[in-house]
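One structure is given here, and the rest of the page talks about it.
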Amino acid sequence: FWNTILAEVENFLSPGAIERWLKPLKPVSFADNTFTLSADNEVIIQFFEKRYKDFTQDACKEACRKLEFTQDIQGEIAFVLEYRPAEKPVEKPKTKTIEVHEDNPQGSLDFGRTEESAARYESSFAKIAPGDASSLNPKYVFDNFVTGGFNRIAHAAALAVAKEPGKTYNPLFMYGGVGLGKTHLMHAIGHEVLKNDPTKRVLYITCEKFTNELINAIRDNSTEAFRQKYRHIDLLMVDDVQFLTKKIQTQEEFFHTFNALYQSNKAIVLSSDRPPHEIQTLEERLKSRFASGLLADIQVPDLETRIAILKKKAMLENLDVPNEALIYIAGRIDNNIRELEGALTRVVAYASLTGSRITTELVAESLKNIFPDNTTKEITLEIIREVVATHFKLNIDDLNSSKRNKNLAVPRQIAMYLCRELTDTSLPQIGEFFGGRDHTTVLHAYKKIAKDRTSNIQLDKTVQELIKSIEKM
Ligand code: ADP
Ligand code: MG
C-alpha cells in the first residue's frame, strides 16, 4: 500500500524530494484510519509534518481509489510518524557517499551532503519543491531593486505580500511594459517568503509553462492531479498572464485553480504587460478575478531613477563608471531597464576590450550601433539638473530643497540659469521643476549668474564646462 502511495505522490512532487524525504520512511502499521510510519531521523519527521503530509494524504486518497479501497476506508486517513533510532548507530562520515545498510538497501540519505543531493532534489521546475528557491534567480532580490515614483506601489505591494502572503493584496496583479521589473519583483517575493519561512511552498512559473502543463493535463485526463498539485501551494506566481491561451478549457481550469488557492487564502501574484480588462483573450470572470485584489502598475522610470539603477548595477558588478557616462546612457534609454543594463554591459565590455577609460565619448562610441542615427539628444531640464548635481556632488533633492546655504544655493542658481539658457522652457516651468519655486526666484537666479559670470572667472569656467558636458549628452 505504501508503495502505491509513493507512486501516486510522484504526480505532485519532484523525484528528488520523494527520494530524500519520503523514501526513508518505513511503514509500521495501518489500522483505524491511521497509517503509522517510522523514520530514524528527526529532521525527516519534521519536514514530513510541515511540508509533505498533505501531499501524502492526497496521494493516499488517490491510491485508495485506484486499489478500490474506498468501500473499506471512510474518512480521512491520518499519517503518524514515529521516531525510531537506527539500531546500530553508525558514524556518518562527512563524505559524499551514500551509506548502504542491510536494513536500508536504498541507502539512507545523509543531510551533510550538499551539491549532489541538491541537484537531485529539484529535477523539474514545475514540480513543487517546498522551501526550494532553485527556480528563482538569485539576483532578483529586493535589495537589488531600485524604487522610485514609477514603481513605488508595485514595490510596496510586493513587500507586503512577501511579509504576509495571502493576507493582503490577494491577488496582486502587477502590470507594465517590457523590462520594467515585474519578473524581478516576483522572484524577490519568492526569496523573501522562503527566507522568512523555508517550509513555505513557493511556485514561480511562466504563464506559458503553466498553460502547457494544463494542456497536457487536459489531454491526459489528469486535471485532477493537476489541481491536487496546485492546491497545496502557499504562493503561486504566474508571470505574463497575457499569454494565457484563449482555449476555454484552459481558462476554465485556471479559474478553478485560482479559486481553490484564493479560497484557502493562499497568495497569488500575477503579472502582465497590461491590466486585466485589456487582455482581450481573457474570459470575463478571469478578468474580474484578476482585478479583485490590487492592481499595481509600473510606469517608466524618470532620468534620476534610471541613473540610480545604473549606479546600483555598476556597484553590484564592481564597475567604475563615471557619473557623466551613466547620465549619457540613462538619457538615451528611457523605457526599458533591461536595455539600460544591456547598454552598461556593452560599454564596460567595450572599454575593457579597447583598454580605455570610460568617458562620455567612449560611451557614445560604444553605443553608436544602438543609436545609429547619431542624433544628439534634445537637452532637457532633467539632463541639466543631473549634470549640475553630479558636478557639485549633490543630490537632486538638495537642488529641489528650500535650503539656502551657499553650497546649495549657487549650484541651484547655476542649474536654473542653464535651464533658461539652453532650453525654451518658461520661467514658471523651471521654478516648478526645481521643487515648486516661484518664477521670480528663477529670474533672479538667471540674472545673478549672467552678471556674476562677467566678473567671476572661476564661475564662468564652471558654467562653460557644464554647458560642454550637457551638450555632449
Ligand atoms: P519585466 O518582467 O517587467 O519584463 P524584468 O523583471 O525581467 O522585467 O526586468 C528586466 C531587468 O531589469 C532585470 O535584469 C531586472 O533585474 C532589472 N530591473 C528591473 N527593474 C529594476 C529595478 N527597479 N531596480 C533594479 N533592476 C531592475
Ligand atoms: Mg518578465
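Counting starts at 1 for both ligands and their atoms, following the listed order.
- A salt bridge does not link E341 with K312: every distance from a Lys NZ or Arg NE/NH1/NH2 to an Asp or Glu carboxylate oxygen is 4.0 Å or more.
- Applying the ring pair (Phe, Tyr, Trp, His ring centres under 6.0 Å) rule to F226 yields the partners F210, Y230; only residues at least two apart in sequence or on another chain are considered.
- Between Y446 and Y417, the ring-plane angle classifies as parallel under the 30° and 60° cut-offs.
- Applying the side-chain hydrogen bond (donor to acceptor under 3.5 Å, both in side chains) rule to R285 yields the partners E252, E283; only residues at least two apart in sequence or on another chain are considered.
- By the 4.0 Å N-to-carboxylate-O rule, K468 lies too far from E471 to be salt-bridged with it.
- Shown here for V193 and V161, the closest heavy-atom pair between the two residues is CG2-O, 4.5 Å.
- The pair E284-K287 meets the salt-bridge criterion, with a side-chain N (NZ, NE, NH1 or NH2) lying under 4.0 Å from an Asp/Glu carboxylate O.
- Counting only protein N, O or S atoms, the number found under 2.8 Å from the Mg ion (ligand 2) is 1.
- Look at D54 and R201 and you find a salt bridge, because one of the NZ, NE, NH1 or NH2 atoms lies within 4.0 Å of a carboxylate O, short of that distance.
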Show me the short polar-atom pairs for ligand 1: any N or O of it lying under 3.5 Å from a protein N or O, with distances only.
residue	atom	partner	partner atom	Å
ligand 1	2 (O)	T183	N	2.9
ligand 1	2 (O)	T183	OG1	2.7
ligand 1	3 (O)	L180	N	3.2
ligand 1	3 (O)	G181	N	3.1
ligand 1	3 (O)	K182	N	2.9
ligand 1	3 (O)	K182	NZ	2.7
ligand 1	4 (O)	G179	N	2.7
ligand 1	6 (O)	K182	N	3.4
ligand 1	6 (O)	T183	N	3.1
ligand 1	6 (O)	H184	N	2.8
ligand 1	7 (O)	R338	NH2	2.7
ligand 1	8 (O)	L180	N	3.4
ligand 1	8 (O)	G181	N	3.0
ligand 1	14 (O)	E341	OE1	2.9
ligand 1	14 (O)	E341	OE2	3.2
ligand 1	16 (O)	H184	ND1	2.7
ligand 1	23 (N)	V146	O	2.7
ligand 1	23 (N)	N151	ND2	3.4
ligand 1	24 (N)	V146	N	2.8
ligand 1	26 (N)	K313	NZ	2.9

Verdict with supporting geometry, K266 and I233, side-chain contact (heavy atoms from CB on, under 4.5 Å) | CA-CA 7 Å; K266 300 300 174 65; I233 295 174; over 6 Å; no

